[in-house]
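All remarks here apply to the structure that follows.
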Amino acid sequence: MSGDSGTPTNFIRQIIDDDLASGKHATIHTRFPPEPNGYLHIGHAKSIVLNFGIAADYPGSCNLRFDDTNPAKEEEEFVEAIKDDVRWLGYDWAELRFASDYFEQLYDYAVELIRSGKAFICDLDADQVREYRGTLTEPGRPSPNRERSVDENLDLFTRMRAGEFPDGSRTLRAKIDMASPNINMRDPTLYRIRHGLIHHQTGDEWCIYPMYDYTHPISDAIEGITHSLCTLEFEDHRPLYDWVLDNITIACHPRQIEFSRLNLEYTVMSKRRLTQLVQERRVSGWDDPRMPTIAGLRRRGYTPESIRSFCDAIGVTKSEGTVEMGMLENSIRGHLDGIAPRRMAVLDPLKVVITNYPQDRVEALTADNHPKDAAMGSREIVLTREVFIDRADFREEANKKYKRLVLGGEVRLRNAYVIRCDEAVKDAAGEIVELRCTYDPDTLGQNPEGRKVRGVIHWVSATLAKRVEVRLYDRLFRTAHPGRGGSDFLDDLNPDSLKVVGNVVIEPALAEAMPGQRFQFEREGYFCVDPVDSQPGAPVFNRVVSLRDSWGKIAED
RNA sequence: UGGGGCGUGGCCAAGCGGUUAAGGCACCGGACUUUGACUCCGGCACUCGUAGGUUCGAAUCCUACCGCCCCAGCCA
């Protein structure tokens, strides 16, 4: 079971293996339970890959269940976006459920708790409840209403549902232990009153809504979930999860298991912060390519495969850490290297005139779409007397470590001939505006004899090039742990996280690229056609990730 | 000062009383190369938060410390 499909095992899969081996379960049922109050991010992907991955590798299934018990914060837009993201990641749920599907059953179970004397209607307001709850080191005191009769509780709960009481005036609380060292067990709230809200699934049918701690275990049990996987902060809630199921008449009792949530350097992962970035327009939206959201990564050009392999690579444990960006970047580079067709594009064009090349000649050359995968075929590129190369690929002089074009030196134009630079033409300000070179006609597909060329650079015909906009993304924050020292995380935003480069010259074939298509711009990086801002014939390219650059490290000379 | 967790190389992470302490990322060499990419080869923890103890034998068991995270919503 575990270990199939290349997925590494982890302590949760080991528990499942044991449960299968001991006969405790014959099939495994998990669920991914997002609250529809925001978009999914890479941290959710970890949970999705865990839950759906288990369903795929073991006999069993995984449900998608929206934890929609707080209509004040939830919206239909988010449920649709979440469904899209889960599907895009490559998963299909066995059943689509909403916690709100169970509101009637949840209500009935609450009545059962009241009848058995395990829940009561409390008249304390929120401030009073807090006072009565005690502190981390002092026990709480019982609510004055704790010993209300079953009949009175039943009557009051019925009237709560009927809408007779205003918001905040009463709650239904479990009767557990006000002296428990675990604050979650100090008579936790089960239901609160919320008038005037339109729930995206149930409309105005209800004015009382169940709390997470009460809803979650029952929802899991109703669905026959065997292993309820959640993050570490719910560890303290497990006794309550178990208490709820132990005190109502329900056959199923899932096992809650907690794992650590994902933290990634140079970004933020909390929904509160991501929401703030969107609402304050620090980014263009939930799908801004700089966002760690699934929608953002998708638009940026990440593939579902790369996100899944990233999740496999980071593992699942209970220890909290922060994963380096390099891990994520490695995953996407690895996938794109294999599937992205190569193209040439010059980000910072510098004109080169090949003086010994015929004025009107247009030479068709063939370039492989992939250096190691012949099945990806080849394409035609055209060479003309004037071409563009990147400004960074020329220096008037440099030591031997510099493997590009220098004055008097030779370099190969990728997929074409070797050229020698004879002159650098400058303007009045001393800025190089043009290079005058000569080419060696005997170097197409073969190396010159007796000379070694410094290196290979990419280029694009100046006369036939198309110009497009390219967006270069950098980390959204300039510090590995935004807002760490108690400072405002917004102060750590990287002002250079987006660089828009206009007038990037591309080989003609690229002008017809379709939204979502990914390419490797040779020697630059992987780029994806932006699905939002591209126009037919005028693609906008997002840089997914740069190529690994061993030169950049020693370039400071 | 209550309760619940976690501590293995820069990062993630195997390890579950007897292994030379997996693997990946990063990094450092080198090979290859018409992408300074990819690929390939080699290097990279006498040591597992610390200190004791048990044992023939401890990262794995015990004890005590230390550090970090979470919990006092009618949020999830």
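Chain letters run A, B, ... following the sequence lines, proteins first and then strands; every chain starts at 1. Just so it is clear, the model here is predicted, and its values are computed rather than measured. Note that these values count all heavy atoms, side chains included, but never hydrogens, waters or copies made by symmetry.
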Quick one: label A:Arg412 by what it contacts on the DNA or RNA (base, sugar-phosphate, nothing), any heavy atom closer than 4.0 Å. base

Just to be sure I understand the rule, does A:Tyr402 reach a base, reach only the sugar-phosphate, or reach nothing, if contact means heavy atoms closer than 4.0 Å? base

Expressed as a whole number of angstroms, how long is the span from A:Arg404:CZ to B:U33:P? 20 Å

Nearest-Å distance, CD (A:Glu233) to C1' (B:A76)? 9 Å

Between CZ on residue A:Arg173 and CZ on residue A:Phe120, distance to nearest 0.5 Å: 4.5 Å

Report the distance from atom CE of A:Met269 to atom NZ of A:Lys46, rounding to the nearest 0.5 Å. 9.5 Å

I'd like to know if [X] reaches the base of [N] with its side chain such that a donor and an acceptor end up less than 3.5 angstrom apart.
X: A:Glu524; N: B:U35; result: no
X: A:Asp236; N: B:G3; result: yes
X: A:Gln14; N: B:C16; result: yes

Scan every strand shown for a Watson-Crick or G-U wobble partner of [N], both distances under 3.5 Å, and answer none if you come up empty.
N: B:C40; answer: B:G30
N: B:A76; answer: none
N: B:U47; answer: none

Please determine whether salt bridge (charged side-chain N to carboxylate O under 4.0 Å, His left out) holds for the pair A:Asp440 and A:Arg451, giving the CA-CA distance in whole Å, both sets of side-chain angles, and the decisive distance to 0.1 Å. CA-CA 12 Å; A:Asp440 180 344; A:Arg451 294 171 283 148; 2.7 Å; yes

Glycosidic class, syn or anti, of B:G36 using a 90° window around 0: anti

If you measure from the ring centre of A:Trp551 to the centre of the six-membered ring in the base of B:G36, is it under 5.5 Å, with the planes under 30° apart? yes

Among side-chain atoms of A:Asn369 and A:Ser378, is any donor-acceptor pair under 3.5 angstrom? no

